[in-house]
Protein chains: 2
Amino acid sequence: MKQKAVDPKTRILETATRLFYTQGYHATGINQIIQEAGVARASLYTHYQSKEELCIAFLNFRHVYWFKCFREFIGAVTDPEQQLMTAFDFLISMNDKEDFRGCAFMNILSEISPADTTLYTIIQHHKQNLRDTLASILPHHTQLLKDHIYLLFESAMLESHLYRNQWPVLQAKKMLKTLL
Amino acid sequence: MKQKAVDPKTRILETATRLFYTQGYHATGINQIIQEAGVARASLYTHYQSKEELCIAFLNFRHVYWFKCFREFIGAVTDPEQQLMTAFDFLISMNDKEDFRGCAFMNILSEISPADTTLYTIIQHHKQNLRDTLASILPHHTQLLKDHIYLLFESAMLESHLYRNQWPVLQAKKMLKTLL
DNA sequence: TAAAACAGACTGATCGGTCTGTTTTATTTT
DNA sequence: AAAATAAAACAGACCGATCAGTCTGTTTTA
């Protein structure tokens, strides 16, 4: 289970990322994390104050990772309209890669209440970031069209999770074509 | 806390429904349910075999309740296109009523894995039911348009949960207008 | 008088988190 | 290069609390 190639802090974060994402936050215990990370109990609490702190680190890590992958993926093309189409192809590739586990941020959102302001804010910021990123591809179009694309993108991601199938993304791509 | 007007089994289900929906499945313990339902521990396990059985009952109960409210709400109008607009108004009223807690089914979906086949199937069936219901309002339109409306409906519900704001629903209504 | 609901003790397991003390690793000084 | 030292990671006991679920026996209801 131990992969001593990387340092303990990284192993903890990567393990927590995988488990929080695939099992959920409350369904994942500290014991499982330290066990699968091959790390001492005390080491986890040296690097992260609490389970919630670890969740925050997970969301921040995931945020950076997701946008890095996203930008790389859509950066392969230059034409704006083609770039939007590629954005939906990105969803397809992520569904394949991560077995239709959906959006890590929306999954955590389902487990928390608005009283968890730190987590709630991180999730909102991530999505606002995505919204801005998509909007920036077609800067001269109406706000309504930008929102339209964003909503289709979101439901494509969430509904393919639900059905464990690419059809929502494929259909969303066709809808996008009618809008551009 | 006890509202002995209804029988224990109903109190358990209604309490579990409220707690699972507002706090999530794994974050809600049996102790809290029996306490807030004002019911004996043994009574819960006479009516429901396990916590998962209770979750199944919750989803089935919610399914019936949600569609009953939905049909009543949109049944107030007869014109198909107007009925679709009213469907989005229903989301607005539910957001107000339930404090932007989003979709009970998608929330549970975030907490489980495809291995939980029973729960997963119930959730998929609920959404397929919604998909069919929306599609039946405009039976003579293309499959693409039906899916389009469904995807907008879904993201309107989920994104208003995220932002705790009605704007996604209001924007989705405008998008719908451009599609009809 | 029988069924249902009650209170609450009890199980073993696990929860998140703290603490002690040992071993390993890395850096610095000789 | 070898020895000294400081920092990091280690194993694992331990904490009180809670978890889901079982069981006994009493009280209420029908």
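Chain naming here is simple, since letters A, B, ... match the order of the sequence lines and numbering starts at 1 in each. Given the structure is predicted, the values throughout are model-derived calculations rather than measurements.
- Rounded to whole angstrom, the span from the CD1 atom of A/Ile34 across to the C1' atom of D/dA9 amounts to 13 Å.
- Judged by Watson-Crick or G-U wobble contacts below 3.5 Å, the nucleotide C/dG17 has D/dC14 as its partner.
- When rounded to the nearest whole Å, the span between CD1 of B/Ile30 and P of C/dT14 equals 17 Å.
- Residue B/His47 is in sugar-phosphate contact alone, with no base atom involved, counting any heavy-atom pair closer than 4.0 Å across all strands shown.
- Rounded to an integer number of Å, the gap from CG of B/Asp7 to C1' of D/dT29 is 13 Å.
- Going from atom CD of A/Gln35 over to atom P of C/dC15 covers 10 Å, rounded to whole Å.
- Between B/Glu154 and B/Lys127, at least one side-chain N (NZ, or NE/NH1/NH2) sits under 4.0 Å from a carboxylate O, which counts as a salt bridge.
- Ion pair A/Glu36/A/Arg18 flagged as a salt bridge, since at least one NZ, NE, NH1 or NH2 atom sits closer than 4.0 Å to an Asp/Glu carboxylate oxygen.
- Aromatic ring centroids of B/His26 and A/Tyr25 lie 6.0 Å or more apart.
- Counting to the nearest Å, the P atom of D/dG12 and the CG atom of A/Leu44 are 17 Å from each other.
- One can place OH of B/Tyr45 at 17 Å from P of D/dT24, the figure rounded to the nearest angstrom.
- Here the nucleotide nearest the side chain of A/Arg11, chosen from C/dC6, D/dC10, C/dG17, is D/dC10.
- Among the atoms of the strands shown, only primed sugar atoms or phosphate atoms (P, OP1, OP2) are found under 4.0 Å from some heavy atom of B/Ser50.
- Salt-bridge check for A/Arg62 with A/Glu98: passed, with a basic side-chain N closer than 4.0 Å to an acidic carboxylate O.
- For B/Asn31 and C/dC15, the CG to P distance is 16 Å, given to the nearest whole Å.
- In the set C/dG8, C/dG16, C/dC6, C/dC6 carries the atom at the smallest distance from any side-chain atom of B/Val39.
- Between B/Arg41 atom CZ and D/dT24 atom C1' the separation is 15 Å, expressed in whole Å.
- Checked by atom type and distance alone, the side chain of B/Arg131 never pairs as donor or acceptor with a backbone atom of B/Asp147 at under 3.5 Å.
- Using N1 to N3 plus N6-O4 or O6-N4 for Watson-Crick, or N1-O2 and O6-N3 for G-U wobble, each under 3.5 Å, D/dA6 pairs with C/dT25.
- Pair check for D/dG21 finds C/dC10; Watson-Crick or G-U wobble, both atom distances under 3.5 Å.
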